[in-house]
Structures are given as C-alpha cells and as structure tokens.
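A short worksheet on the structure shown next.
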There are 2 protein chains.
Amino acid sequence: MKNTKISNAVINRLPRYRRYLKELEKKGVEKISSKEFSELIGYTASQIRQDLNNFGGFGQQGYGYSVKGLREEIEAILGLDREYRMVIMGAGNLGKAIYNYTKTFKGAFRVVGVFEIRKDLIGKKLGTHEIMDYEGIVEFVETEHVDIGIICVDRENAQEVADKLCFAGVKGIWNFARTDIEVPPHVALEVVHLSDSLHALAYHMNDIKKKGGSR
Amino acid sequence: MKNTKISNAVINRLPRYRRYLKELEKKGVEKISSKEFSELIGYTASQIRQDLNNFGGFGQQGYGYSVKGLREEIEAILGLDREYRMVIMGAGNLGKAIYNYTKTFKGAFRVVGVFEIRKDLIGKKLGTHEIMDYEGIVEFVETEHVDIGIICVDRENAQEVADKLCFAGVKGIWNFARTDIEVPPHVALEVVHLSDSLHALAYHMNDIKKKGGSR
DNA sequence: TAGATTGTTAATCGATTAACAATC
DNA sequence: TAGATTGTTAATCGATTAACAATC
C-alpha cells in the first residue's frame, strides 16, 4: 500500500465516485473508461485516474475500469464493508432531525441509542428508541460497542459531550452542533455546519444578482 | 468594489469568521488583531487578512479590526441583512428532519411552506405547517415570494423538482437529495450530501486505526 | 499485432503563507 | 513620533491538468 498521506480533497470525492458507480451498476453498465466517467461525473479523466492511483491500480490498460470492481474497491477504502454503531447525543430539534434522517439509511450505519441531558425528555420515545440518560453514556459506549457519536446538543454543551464520548472510546465524532469542537488525534472528526452552508448559499444568490444587474 | 471572482474556499470561511466574531461580541471583546484572531480560529493571520481584503479594508493599521464592525461587514457580504423565504420540497423523513432543524433558526431564514407529491401526506401537518400539494408550487413561489427551495425528495424526483422550482423563480436551491442536480446559471446551488460526509468519517476512522496499528 | 486506455511523470494553475512597505 | 498592525506584493506549497510511455 502506498502511504503518502491522502489529501482531504481526494477523500471527499470518493463517496461521489461510489454513488455514480452504483447508478451505473443499476443500469447494467459493466465497464467504464476514465474518459467516459469524466463526462458523467464532471471531473477530468486525469483527476479520476490520479485519485484512484492513490490507492492502487484498479484499471486495466486498453480496457478501462470494471464498474462493480471499482465500486467494491472504493467501499473497501472507505471502510463501508463493515457496520458502524452510532449514538445520537441530544434529542432536541437537531437530534430529532438527524434521527429521522438516519432512518433513511440502509446498510453500514446504524443508530443504537439516543441520549439527552434534559431530565424531562429521558424515557420518552424517539421513533423506536427510548431516550436515555446522558449519565449512562460511558457505560453504554463500552457495552454496546459504539463506534460513532453524533453531536446534536447545544453549542454550550458540545465540547463537554465530545470529551465524554472520546473518553468512553468512540472512534469517530460527527458534529452537527453550531460550534467547533476539538478531539484527540486518535478520534476522527467530521463536521457538518448546516447554517454555514446556508450562509454560503445566500452569498451566491446575492453574487448572481449583482452580476446580473451590472450586465 | 473589487470584482475578481472570489474563490469558494474564501466564501466558505466567511460564515466561520462570523460565528467566532459573534462569540467575541457576546464576551464583550471590542477589537481583535489578525494575529489574535488567528490563534482563536486556527487560520493563519495572513490568510485572515487576505480573505478580508477580497472585500475591502476593514481593519485599521496599528489597531486591528473592530469585532462588531467586522461582523456587520461579513453579514452584509453574505447577504444576511435581509430575510429569505424558503419552501421544503418533500415531507418524508428527510423533509421532516430539515423542517425540524430549520425551526432552530433565528433570523434571516424562514420556512414559509412544505410541499409533497404523495397525495396521502397532503393536508397533514408538519409542525405548524400544513403540507401542500406539489401541483401548487409554481403559483406559491410567485405569490409568496419564495427565495429558496430546499430539496428533500427522493433521488428519482430531485431533478424534476429542481427544474420546477427554477422555472417558478426561486433564486437558490439547497439540495439534500442523494443525487447531484443541475440548475440554470442564474440560480445558486448549495449541496449537502450527508451520507458522503458520513462516508468520509468512516474513511478517517479506518485511516487512524491503520496508522495506530503500524506504529 | 495495433488500438485503446491506464498509470505516472512533468507542467500548470490556484491557494496559502511569508515578507514588508504603508499607515494609523 | 514610535510601535503596532494592516493591506498587498512576492514566494511557496499543494492540487489539478496535460502529456506520454507502459501495457493490456
């Protein structure tokens, strides 16, 4: 295995490659060249080949790539060939939202528990899950082999909840709280700032308007 | 106004600058130098100054930046000084999730309608909103001055819903559907692929494990 | 074998960082 | 005025694209 550190830009394109490959597979396409793939996905053929060759030579000269084979390789690289057990921290609006969303998942990622600090919510149901007391999180992570903690609590509590999860032994944190958090180096962190995304959208809307006006 | 096209990398940092400035304001901090800001936010002082100077000279030599002033400038740049009216397209799990999430918003972004294709859901309530028939979307966008369409429908219907929204006259699309969509150049598009984000998290978790093992 | 297309090296482009003159 | 810190130009770094030899 090549072991120069892979850049985030590359990693963030992998799930997208996979999505397109799954679509192709569904359509019964068996092989694809980097040139054809380029036209479909919108990256240059060069970039596609560069990206894939970070991980290995998955293609065949003169032929192209096997759609199924490449999809499987990418899934192995991403680690989608195993199950991830997740807990949702916070059962407020944000927690509910993410819980509902995770229900649409098939496959590798499964919510195994929902936790809350506010005593009045504990014991209530969120979908099929009973909301549990935050006090019990450390034990739960251990006994239930939780891999990922999803942070859906208030800005004020996000760091403290993250600390607790890391202490308990999760291997990844998916942060939806409206603040930045820090985790130790042995824990992976992925951040989704939905409001930042919406603000960027607002910028682009106004940018387009401005350009239109000056034409 | 300078008018070389601003890169996305810069734009995506602006909401983050704003978040930190708001925190500082809350704490009563009145001025900050790029160096101090750098230590707080984790970008280099150089980058902060470069970023801001894309839009204007907001600082003062020998002094730094006014926290409140800079926050206001950034909000103006992002276009947060006005209201955005949004519709949610799709009242399934994803639509419900995003609806719940938008309830936590204060300020500039407001959901004014929820639409659905599936007849059995039409007329039901989602929070305070009655779910409306997709058939009526074009008229609604016009009469209610909708700015943004949030796409929460199935992969299969995403492009068709986007087309209809663009035809109806929205200025921005926020896409949560698990597929890529295309919009005309006068419409802004911002994409949130939550499952892609989760896949990247899985990659990083496995990457850390591998490195730990080989140490 | 000849044609096609990869894997990989080299060239280009863009974004980040460093340096410093301008100026409050 | 002297010290501090910006605004901006120049240098560096990294990522993308182009080119082409290797090879199926």
Side-chain angles (χ1 to χ4, degrees), chain A residues 1-17 20-21 24 29-74 77 200 203 207, chain B residues 1-17 20-21 24 29-74 77 200 203 207:
Chain A
M1 185 194 49
K2 305 184 185 184
N3 213 352
T4 35
K5 167 90 175 101
I6 313 289
S7 85
N8 266 320
V10 174
I11 293 154
N12 292 331
R13 281 191 293 268
L14 293 178
R16 194 174 144 110
Y17 287 129
Y20 278 84
L21 290 166
L24 286 166
V29 178
E30 290 189 358
K31 72 146 190 124
I32 192 159
S33 70
S34 59
K35 182 155 174 289
E36 292 164 324
F37 205 15
S38 165
E39 277 152 21
L40 187 66
I41 204 169
Y43 304 137
T44 63
S46 218
Q47 177 156 75
I48 292 168
R49 293 204 302 279
Q50 282 281 23
D51 282 354
L52 298 176
N53 278 94
N54 282 301
F55 304 99
F58 303 135
Q60 195 172 322
Q61 282 102 328
Y63 175 84
Y65 298 85
S66 148
V67 171
K68 180 161 177 290
L70 188 55
R71 196 256 304 149
E72 285 169 352
E73 291 285 3
I74 290 175
I77 293 162
Y203 174 88
D207 194 41
Chain B
M1 190 191 45
K2 304 181 184 185
N3 214 353
T4 36
K5 168 93 173 100
I6 312 290
S7 84
N8 266 321
V10 174
I11 293 154
N12 292 332
R13 282 192 290 268
L14 294 178
R16 193 175 145 111
Y17 287 130
Y20 278 85
L21 290 166
L24 286 167
V29 179
E30 290 190 357
K31 72 146 189 125
I32 193 161
S33 70
S34 58
K35 183 153 175 288
E36 291 163 324
F37 204 15
S38 166
E39 276 151 23
L40 187 67
I41 204 170
Y43 304 137
T44 63
S46 219
Q47 177 156 74
I48 292 168
R49 295 204 301 279
Q50 283 281 25
D51 282 355
L52 298 176
N53 278 94
N54 281 301
F55 304 98
F58 303 136
Q60 194 171 323
Q61 281 101 327
Y63 175 83
Y65 298 86
S66 148
V67 171
K68 179 160 178 288
L70 188 55
R71 196 256 305 149
E72 286 169 350
E73 291 284 3
I74 290 175
I77 292 163
Y203 174 87
D207 193 41

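Reckoned from all heavy atoms, side chains included, excluding hydrogens, waters and symmetry mates. Chain identifiers are assigned alphabetically (A, B, ...) following the order of the sequence lines, protein sequences preceding nucleic acid strands; residue numbering begins at 1 within each chain.
- What separates OH of Tyr63(B) from P of dT6(D) is a distance of 11 Å, to the nearest Å.
- Distance check: Ile77(B) CD1 to Leu70(B) CG gives 8.0 Å after rounding to the nearest 0.5 Å.
- Residue-environment remark: NZ (Lys31(A)) exceeds the threshold of 12 foreign heavy atoms within 6.0 Å.
- Atoms OG and NZ, from Ser7(B) and Lys5(B) in turn, are 8.0 Å apart once rounded to the nearest 0.5 Å.
- A donor N or O paired with an acceptor N or O is found under 3.5 Å between the base of dT17(C) and the side-chain atoms of Gln50(B).
- Summarising the geometry, the separation between CZ on Arg13(A) and P on dG14(D) is reported as 16 Å, rounded to the nearest angstrom.
- Residue Gln47(A) contributes atom CD, which lies 11 Å from atom P of dA15(D) at whole-angstrom precision.
- Close to dT17(C), at under 4.0 Å from its OP1 or OP2, lies a side-chain N or O of Thr44(B).
- Comparing atom distances between the Ser7(B) side chain and each of dT6(D), dA15(C), dG7(C) picks out dA15(C) as nearest.
- Atom pair Asn53(A):CG and dT23(D):C1' shows a separation of 14 Å (rounding to whole Å applied).
- Residue Ser34(A) places none of its side-chain N or O atoms closer than 4.0 Å to OP1 or OP2 of dT5(C).
- The interatomic distance linking Lys31(A) (NZ) with dA4(C) (P) rounds to 11 Å, in whole Å.
- Partner assigned to dG7(C) is dC20(D), using Watson-Crick or G-U wobble distances below 3.5 angstrom.
- Look at CG on Asp51(B): it is 12 Å from P on dG7(D), rounded to the nearest Å.
- Nucleic acid contact for Phe37(B): none, since no nucleic acid atom lies under 4.0 Å from a heavy atom of the residue.
- Without hydrogens or angle criteria, Asp207(B) side chain to Tyr203(B) main chain gives no donor-acceptor distance under 3.5 Å.
- Taking the six-membered ring where tryptophan is involved, the planes of Phe37(B) and Tyr20(B) are perpendicular, since the angle between them exceeds 60° and thus also 30°.
- Using Watson-Crick or G-U wobble geometry with both donor-acceptor distances under 3.5 Å, dG14(C) finds its partner in dC13(D).
- Applying the 3.5 Å distance criterion, the base of dA18(C) shares a donor-acceptor pair with the side chain of Ser46(B).
- Set against dC20(C), dG7(C), dT5(D), the side chain of Arg49(A) has dG7(C) as its closest nucleotide.
- Remark: C1' of dA4(D) and OH of Tyr65(B) are 13 Å apart, rounded to the nearest angstrom.
- At a threshold of 4.0 angstrom between heavy atoms, the contacts of Tyr43(A) with the nucleic acid are absent.
- Look at CD1 on Ile48(A): it is 14 Å from C1' on dG7(C), rounded to the nearest Å.
- Nearest nucleotide to the side chain of Gln61(A), out of dT23(D), dA19(D), dG7(D): dT23(D).
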